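For reference, the structure discussed in these notes is given below.
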Amino acid sequence: MTTHLDTDWTWRARRLADDLETRGDLTDPAWKTAVAAVPRHVLVPEAHQQDSTGTWHHLTTDSAEGLDLAYSPTTLVTQLTDRSTHRESTSSGTKPDLIVRMLETLDIHDGHRVLAIGTGTGYTTALLSHRLGDRNVCSVDIDPELVEAARTRLASLGYHPTLAARDGADGLAEYAPYERIIATCSVPRVPWTWAEQLAPGGAVLVNVKPTVHAGNLVLLHRHPDRLEGRFTDRWVAFMTMRHHTHNQEPPAPRSTTEPRTRSTTTPPSPWWDNRVVWLLAQVHGLPDGVTVGMRLDPHTRQPAAATMTAPDGSTAEVSLTDSTAGRYDVTETGPTPLWEPVEQAHHTWLEHDQPDWPRLGLTATAHHQWLWIDHPDSAVHWPL
Ligand SMILES: C[S@@+](CC[C@H](N)C(=O)[O-])C[C@H]1O[C@@H](n2cnc3c(N)ncnc32)[C@H](O)[C@@H]1O
């Protein structure tokens, strides 16, 4: 076996395309050709990987191992930003299996003009350029350095789509209308500018995620007065869209209160176990910005309770094991009861025969957005 063969990307890209087809991620031969033709390692020359202790390691994709990773269904973190308590991934090359599933879900046809929000490494943009031609592809990223790096690397491969350093919430009006918009960063609500920049009958696929883990991809179609559609069956979460003006400092928590203890029949940690309930909790009055976690048992070091913390300092802790059959202990502190909206959401979910994602949908107009179950005109809907 020679080094030349080991570091050849072409067979790896073909193998990736075959694998994605075998796994059912890819059915359209045009996307298969694009996956086999785009050298992902050129667009992702280096990345960071986190080990089981949480430590990040730097790697390059020019070795045989690096190439294997670049041509596998793996997300490659390409940018880390230091926060006060941790390092956060602020850009990555999305997993190829997810990208092709999204492209197929969007039902993109030859001749379509597409806007990709969140250029990142440029891999999604490269697949689009390969399939649709540079003239039909535009992409924006909030980070000018990422845009310039992607522009240079895409050009080295012969792709020259329109790229711009912009806040994707504003779309890219000067090149509109688009038949399709694909966003690979999440939004708490769908920006109405996207509707304005879509051609009649156009569609947008985006991860609507009001708060951590709460949401999924939703495929919205353009109607004269609204965007409307259903969530996709497989759960997906993208990194949150950031904005230049956003103040990263959380508000100072208010004083806490004495712990209040009671029990609940709602199973703990819906953000891991039942993400539909977790999204419903957001529309049942959970305050914005709640973060979630686990408390470990000090003796066994195993997770003992699910925890929630609100920006005002309120907390909720729910035991992971039921103390009496089907009842879990809840302890709350602070001014805002956090578990109650989750209980109401769980009740709603049971009441409607435990809907899965495709039974949930979203309608967005210029001024309002709401979530519904089963049908847009259903009496069962909530403002988002
Ligand atoms: C998961 S990465 C996109 C990966 C890309 N699909 C690829 O294949 O390389 C998400 C990207 O969204 C970008 N982003 C975050 N906020 C944004 C915003 N307001 N407007 C446009 N892009 C944004 C980030 O800088 C990041 O590059």
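First listed ligand is number 1; within each ligand, the first listed atom is number 1. Please read these numbers as outputs of a predicted model, since none were measured by experiment.
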**OP:** Decide whether a cation-pi geometry holds between Arg40 and Trp9; the criteria are a distance under 6.0 Å from NZ or CZ to the six-membered ring centre and an angle within 45° of the ring axis.
**Re:** no
Subject >> Ala13 to Ala36 - nearest heavy-atom pair and separation >> reply: CB-O, 3.5 Å
Subject >> Any Thr78 heavy atom less than 4.0 Å from ligand 1 >> reply: no
Subject >> Heavy-atom proximity to atom 19 (N) of ligand 1, best of His243, Arg242, Met239 >> reply: Arg242
**OP:** Before giving the answer on salt bridge (Lys or Arg N to Asp or Glu O under 4.0 Å), spell out for Arg260 and Glu340 the whole-Å C-alpha distance, their side-chain angles and the decisive distance to 0.1 Å.
**Re:** CA-CA 13 Å; Arg260 307 178 294 277; Glu340 208 175 285; over 6 Å; no
Subject >> Distance filter under 4.0 Å to Gly120 heavy atoms, resulting ligand 1 atoms >> reply: 9 (O), 27 (O)
Original post:
Which residue holds the protein heavy atom closest to atom 10 (C) of ligand 1, what is that atom called, and what is the gap in Å?
Top reply: Thr184 O, 3.3 Å
**OP:** Enumerate the atoms of ligand 1 whose separation from the nearest heavy atom of Leu146 is less than 4.0 angstrom.
**Re:** 25 (O), 27 (O)
Original post:
Should you measure from each heavy atom of Thr119, which atoms of ligand 1 turn up under 4.0 Å away?
Top reply: 5 (C), 7 (C), 9 (O)
Subject >> Heavy-atom gap Ala169 to ligand 1 smaller than 4.0 Å >> reply: no
Original post:
Of all the atoms in ligand 1, which lie at a distance below 4.0 Å from a heavy atom belonging to Arg166?
Top reply: 20 (N), 21 (C)
Original post:
Is Thr124 close to ligand 1, meaning an N/O of one under 3.5 Å from an N/O of the other?
Top reply: yes
**OP:** May I ask you to list the atoms of ligand 1 that are less than 4.0 angstrom from any heavy atom of Asp167?
**Re:** 18 (C), 19 (N), 20 (N)
Original post:
Does any donor atom in the side chain of Trp339 or Thr266 lie under 3.5 Å from an acceptor atom in the other side chain?
Top reply: no
Original post:
Would you say the side-chain atoms of Trp271 pair up with the backbone N or O of Ala214, donor to acceptor, closer than 3.5 Å?
Top reply: no
**OP:** Please identify which atoms of ligand 1 are closer than 4.0 Å to at least one heavy atom of Gly93.
**Re:** 9 (O)
**OP:** Mind checking whether Val44 contacts ligand 1 via backbone (N, CA, C, O), side chain (CB onward), both or neither, at a 4.0 Å heavy-atom cut-off?
**Re:** neither
Subject >> Test log, rule side chain to side chain contact (heavy atoms under 4.5 Å, CB included), inputs Tyr328 and Leu320 >> reply: CA-CA 7 Å; Tyr328 305 84; Leu320 293 181; over 6 Å; no
**OP:** List every atom of ligand 1 that sits less than 4.0 Å from any heavy atom of Gly168, numbering the atoms from 1 in the order shown and giving each element.
**Re:** 18 (C), 19 (N), 20 (N), 21 (C)
Subject >> Residues Asp167 and His244: side-chain donor-acceptor under 3.5 angstrom >> reply: no
Subject >> Ser92, Gly118, Ala183, Ala150: member with heavy atom nearest to atom 2 (S) of ligand 1 >> reply: Ser92
Original post:
With sequence neighbours left out, which residue pairs that include part of residues 367-384 fulfil the salt bridge (Lys or Arg N to Asp or Glu O under 4.0 Å) condition?
Top reply: Arg359-Asp374
Original post:
Side chain or backbone of Thr90 under 4.0 Å from ligand 1, or both, or neither, by non-hydrogen atoms?
Top reply: backbone
Original post:
Would you call Asp8-Arg14 a salt bridge at under 4.0 Å N-O?
Top reply: no
Original post:
Side chains of Val44 and Arg153: closer than 4.5 Å at any heavy-atom pair?
Top reply: no
Subject >> Top protein contact for atom 9 (O) of ligand 1, by heavy-atom distance >> reply: Thr121 OG1, 2.6 Å
Original post:
Among all protein non-hydrogen atoms, which one is nearest to atom 11 (C) of ligand 1, and what is the separation to 0.1 Å?
Top reply: Asp141 OD2, 3.7 Å
Subject >> Identity and separation of the nearest protein heavy atom to atom 22 (N) of ligand 1 >> reply: Ile142 N, 3.2 Å
Original post:
In the protein, which heavy atom is nearest to atom 18 (C) of ligand 1, and how far is it?
Top reply: Met241 CG, 3.5 Å
Under 3.5 Å donor-acceptor pairs involving side-chain atoms of residues 199-210, not counting sequence neighbours:
from, atom 1, to, atom 2, distance (Å)
Asn207, OD1, Phe238, N, 2.7
Asn207, ND2, Asn216, O, 3.3
Lys209, NZ, Phe238, O, 2.6

Subject >> Centroid-centroid under 6.0 Å between Trp272 and His213 rings >> reply: yes
